[in-house]
Number of protein chains: 2
Amino acid sequence: MSKQPPENTDPRVEALVNQLIGRVADKWTMLVVEEMAHGEELRFTELGRRVSGISQKMLTQTLRQMERDGLVTRTIHPVIPPKVEYSLSKMGKSFHEPASALGTWALDNLERIDQARAKYDTAAN
Amino acid sequence: MSKQPPENTDPRVEALVNQLIGRVADKWTMLVVEEMAHGEELRFTELGRRVSGISQKMLTQTLRQMERDGLVTRTIHPVIPPKVEYSLSKMGKSFHEPASALGTWALDNLERIDQARAKYDTAAN
DNA sequence: CGGCATCCTCCTGGATACTG
DNA sequence: CAGTATCCAGGAGGATGCCG
C-alpha cells in the first residue's frame with residue numbers, strides 16, 4: 001500500500017496537503033482555538049488553565065505552530081513581569097468554524113459512540 | 001498546568017470527551033471518511049489505494065476503530081478469495097459533514113498558511 | 001484478498017529544573 | 001509570568017512475514 005505514489009497529483013502538493021491535514025486535525029489546536037474563539041486576548045497561563053489537560057510544553061508548541069501558520073497573533077508587552085497575549089487572527093477565526101463544528105459533532109454523538117463501543121466490545125469479547 | 005483537574009466538570013466525562021476529540025481529530029479517520037463518503041461499498045484494498053500514503057497497518061487500525069465507534073459497517077462475504085466491504089453508517093455520514101468542512105478549509109487556506117510560514121521563518125531565522 | 005503478529009525505530013509528549 | 005532545555009518512557013507507526 002502506498003508503494004507507488006499516485007501519479008495523478010503532484011507528490012509535493014500531496015505531501016503538503018497530507019501534512020496540513022495532520023496539523024489541522026490536531027486535538028490541542030482545536031481545543032486552543034475553541035478557547036480563543038470568544039474574542040478576548042488571552043495570556044499564556046490563562047489559556048493553559050482553560051484548556052484542560054494540556055501540558056505547558058504542548059501549549060507552547062501548539063501556540064508556536066499556530067502562530068507560524070498565521071492562525072494566532074502573539075503580542076509581547078515589554079513589562080515586568082512579562083505579559084504575552086494571544087488572540088486569533090482573521091484566518092484563525094475562520095478556522096474556528098469547521099473546528100467547532102467537529103467539536104459539536106463529537107459532543108452530540110458522545111452517547112451514541114459510547115454505546116457502539118460497548119456493543120462492539122461485548123460482541124467481540 | 002493541568003495539575004488540579006478542574007472541579008467544575010465530571011473528570012470522567014472530561015476524560016472521555018478529551019479522548020473522543022483525539023479520536024475524531026485524527027488524520028487517517030478523516031481521510032478514510034472522505035473516501036467512503038461517496039456512498040459505495042469499498043473493499044479493503046481499494047480503500048487503501050484511495051487513501052494516499054496510508055499503510056496497511058494504519059488502514060486496518062483506523063477501520064477497526066471506526067467500526068467500534070459505529071462509524072463504519074463491515075460486511076464480510078464468505079467467499080474465496082475473501083471479500084470484505086466497508087461503508088459508512090448513518091453516524092459515519094453525519095461525521096463526514098464536519099470532517100469535510102475541515103478538509104475544505106485546509107485546502108482553501110493552504111496558500112495563506114504556506115505564505116504565513118514562509119514569512120514567519122524568514123523573520124525569525 | 002484481507003488481514004494479524006512481531007519486531008524495531010522514531011517521535012510525541014510528560015516531568016522536572018532553570019531563566020529573563 | 002512565560003517560557004526554554006533536558007531527560008526519558010511509551011506509543012505510533014513502518015517493514016516484514018505468515019495465514020485462512
Side-chain angles (χ1 to χ4, degrees), chain A residues 1-5 15 18-19 21-32 35-36 40-68 72-87 120 124-125, chain B residues 1-5 14-15 18-19 21-32 35-36 41-68 72-87 120 124-125:
Chain A
M1 213 148 296
S2 80
K3 273 292 185 52
Q4 326 278 19
N18 234 22
Q19 179 223 1
I21 300 273
R23 151 87 55 269
V24 135
D26 178 71
K27 175 182 170 177
W28 294 129
T29 301
M30 296 216 184
L31 292 175
V32 165
E35 291 308 323
M36 303 199 17
E40 341 97 72
E41 305 228 303
L42 285 176
R43 301 184 63 173
F44 183 83
T45 303
E46 178 57 23
L47 208 39
R49 254 192 301 272
R50 298 206 191 186
V51 179
S52 109
I54 197 169
S55 68
Q56 179 254 32
K57 182 179 179 178
M58 288 316 293
L59 182 55
T60 303
Q61 197 173 113
T62 303
L63 286 172
R64 284 295 167 285
Q65 289 172 343
M66 295 176 72
E67 189 194 358
R68 182 167 110 100
V72 148
T73 306
R74 182 161 170 259
T75 313
I76 307 173
H77 299 90
V79 297
I80 296 175
K83 184 174 182 180
V84 178
E85 291 191 313
Y86 293 91
S87 65
Y120 183 93
N125 237 8
Chain B
M1 213 146 296
S2 80
K3 271 293 184 52
Q4 328 278 19
E14 267 284 333
N18 234 22
Q19 181 224 359
I21 300 272
R23 151 86 52 270
V24 133
D26 178 71
K27 175 182 169 176
W28 294 130
T29 301
M30 296 218 183
L31 292 176
V32 165
E35 292 308 322
M36 304 198 16
E41 304 228 304
L42 285 176
R43 302 183 62 171
F44 184 83
T45 304
E46 178 57 22
L47 208 40
R49 254 190 301 273
R50 298 205 192 186
V51 179
S52 105
I54 197 169
S55 68
Q56 179 252 38
K57 181 180 181 177
M58 289 316 293
L59 181 56
T60 302
Q61 198 173 110
T62 303
L63 285 172
R64 284 297 165 285
Q65 289 172 342
M66 293 176 73
E67 187 192 0
R68 184 167 109 99
V72 148
T73 306
R74 179 160 172 261
T75 312
I76 307 173
H77 299 90
V79 296
I80 295 176
K83 182 174 181 180
V84 179
E85 291 190 312
Y86 293 91
S87 64
Y120 183 93
N125 234 9

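Just so we're on the same page: letters track the sequence lines, and every chain starts at 1.
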Interatomic distance where [atom1] belongs to [X] and [atom2] belongs to [N] [whole Å]:
| X | N | atom1 | atom2 | answer |
| --- | --- | --- | --- | --- |
| A/Glu85 | D/dG3 | CD | P | 12 Å |
| A/Arg49 | D/dC1 | CZ | C1' | 11 Å |
| A/Gln65 | C/dG13 | CD | P | 9 Å |
| B/Ile76 | C/dC4 | CD1 | C1' | 14 Å |
| A/Leu59 | C/dG13 | CG | P | 13 Å |
| B/Ile54 | D/dA15 | CD1 | P | 13 Å |
| B/His77 | C/dG2 | NE2 | C1' | 14 Å |
| B/Met58 | C/dC11 | CE | C1' | 14 Å |

Report the nucleotide, chosen from D/dG20, D/dG14, C/dG14, that has the shortest atom-to-atom distance to any side-chain atom of B/Lys57. D/dG14
If you only use heavy atoms from C-beta on, which nucleotide in C/dG14, D/dG14, C/dG3 is closest to the side chain of B/Tyr86? C/dG3
Just N and O in the side chain of [X]: are any of them under 4.0 Å from OP1 or OP2 of [N]?
| X | N | result |
| --- | --- | --- |
| B/Arg64 | C/dG2 | no |
| A/Thr60 | D/dG3 | no |
| B/Arg43 | C/dG2 | yes |
| B/Ser55 | D/dG13 | no |

Given DNA chain D, 5'-ward residue of the pair A/Val84 and B/Gln61, judged by closest heavy atom: A/Val84
